[in-house]
Amino acid sequence: MLEIKEYVTPSSLEEAYKLLISNRNNYILGGCAFLKCCNMKINKGIDLKNLDLNYIKEDEKYIYIGGDTSLRDIEISTISYLKELGNGISNILGVPFRRTARIGGSVFSKYGFSDIIPILIVLEAEINLYKHGVLAIDDFLLLNPMKDILIEIRIPKKNKIYFYENIRKSSTDFPILCAGMSRDENNLILSVGARPGVAMGFKNLKEDILNNRSLVDEILGEIKFSSNIRATKEYRKEMCKVLIERLIKKVGINYDWK
Amino acid sequence: MLVELVVNKKIHKIDVEPQEFLLDSLRRLGYLSVKRGCETSSCGLCNVIVDEKPVLSCSMLTVRCNNTMITTIEGIQEEVLILGEYLAKEGADQCGFCSPGLLMTVIAMKKELKNPTIEEIEKYLNSTLCRCTGYKGQLRGIEKYLKEVTC
């Protein structure tokens, strides 16, 4: 059962951070979509709604997504580079849920079942945290649980293509397994999520993988799979081959990088 | 905490606990069209419209809705009757328990999507569950409703 002693809406990031660290049971609320399923006693529930963190904007180098932006807003963004990210997000329950859920809550919590994190890995996203500063998503995922505020996600604009694949028992369920792959002139990146642990990324894959499937087995050996209520470790490993195969087909097309 | 909810253009000042969800507050205020279903954000039975966007009232803290415009079926009776006729004509019979959630989502979709394809309709209605029917009758009715009813 969820209990919140006090609900607060700070007017600055500094105030929000001070509130957050003043008690170990103070939490940033995010979208609250999963919070309600938890058995938690929250001292202060901190809502960031007055901090103007609900935005998607871009400049020449980056696309910036505020931490309090709803998943639905990202899904329907007209920025073409976010289209596949939007497709991935559209797998998450229904529109009303995605209207409530916030990208900051989803990413900061590092949910293993996240559809979003594997895509952000292949996009080489950066996470801007109030206290820890800007971190590459790979470094962010390695950090231990901490008290901080996700201000925004920065997606570098690169001349790359990226795709996302997943397996679910039904269209609105959590993924049993998900994976992303991106390719640019110099780099091939793979990510595998819902292992069921938090997603893992593999950078600088050899281009040979596009033609030499034995290299897929090498990668599979490096991925840690486990069993849970949704699928066994063995099933995930077999299905991962399928997802990688699909992604290779998608990124393997002749593409003019110029 | 004292919050001010504007439900169907009517102002309510109510005292809520910080962890109270909108579903409970609305039902407490007598808006019984808002149904309690899974309470895990999965079924869509409790869908209402907040500031013109569909949300799951079982996942939205009431305190977050302070000074927002909330719409339930009680506030859009005429519109819903028209939509209901389209569903009835296609034989989309239901026990009725999930109808409010479905209808609110369709009304929100009509405002958000222009001339949606059947695939877009299906995707929008994902996670709006009905355990009585096979969805086909509803989809036919909704498709016709979105094509024929313009305002």
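Every value quoted in this text rests on a predicted model; they were computed, and no experiment measured them. Order of the sequence lines sets the chain letters (A, B, ...), proteins ahead of strands, with each chain counted from 1.
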Evaluate whether atom [atom1] of [X] has more than 12 neighbouring non-hydrogen atoms of other residues, nucleotides or ligands under 6.0 angstrom away.
X: Glu245(A); atom1: CD; answer: yes
X: Met1(A); atom1: CE; answer: no
X: Lys5(A); atom1: NZ; answer: no
X: Lys144(B); atom1: NZ; answer: no

Legend entry - Residue pair Ser171(A) / Asn126(B), side-chain donor-acceptor N/O under 3.5 Å: yes
Inset, instruction - Name the region of Thr128(B), side chain, backbone, both or neither, that has any atom closer than 4.5 Å to a heavy atom of chain A. - result: neither
Legend entry - Taking every non-hydrogen atom, the tightest pair across Gly94(A) and Ser127(B): N-CB, 3.3 Å
Legend entry - Under-4.0 Å salt bridge between Arg72(A) and Glu112(B): yes
Inset, instruction - Enter the distance from Asn47(B):CG to Phe97(A):CZ here, rounded to the nearest 0.5 Å. - result: 12.5 Å
Legend entry - Residues from residues 6-29 of chain B approaching chain A under 4.5 Å (heavy atoms): Pro18(B), Gln19(B), Phe21(B)
Inset, instruction - Residue by residue, scan residues 53-71 of chain B and write down, ordered by number, those that have a heavy-atom distance under 4.5 Å to chain A; if none do, write 'none'. - result: Lys53(B), Pro54(B), Val55(B), Leu56(B), Cys58(B), Ser59(B), Leu61(B), Val63(B), Arg64(B)
Legend entry - Contacting region of Ile76(A) [heavy-atom separation from chain B under 4.5 Å]: side chain
Inset, instruction - Report the option among Val95(A), Thr100(A), Thr172(A) that has the most heavy-atom pairs separated by less than 4.5 Å from atoms of chain B. - result: Val95(A)
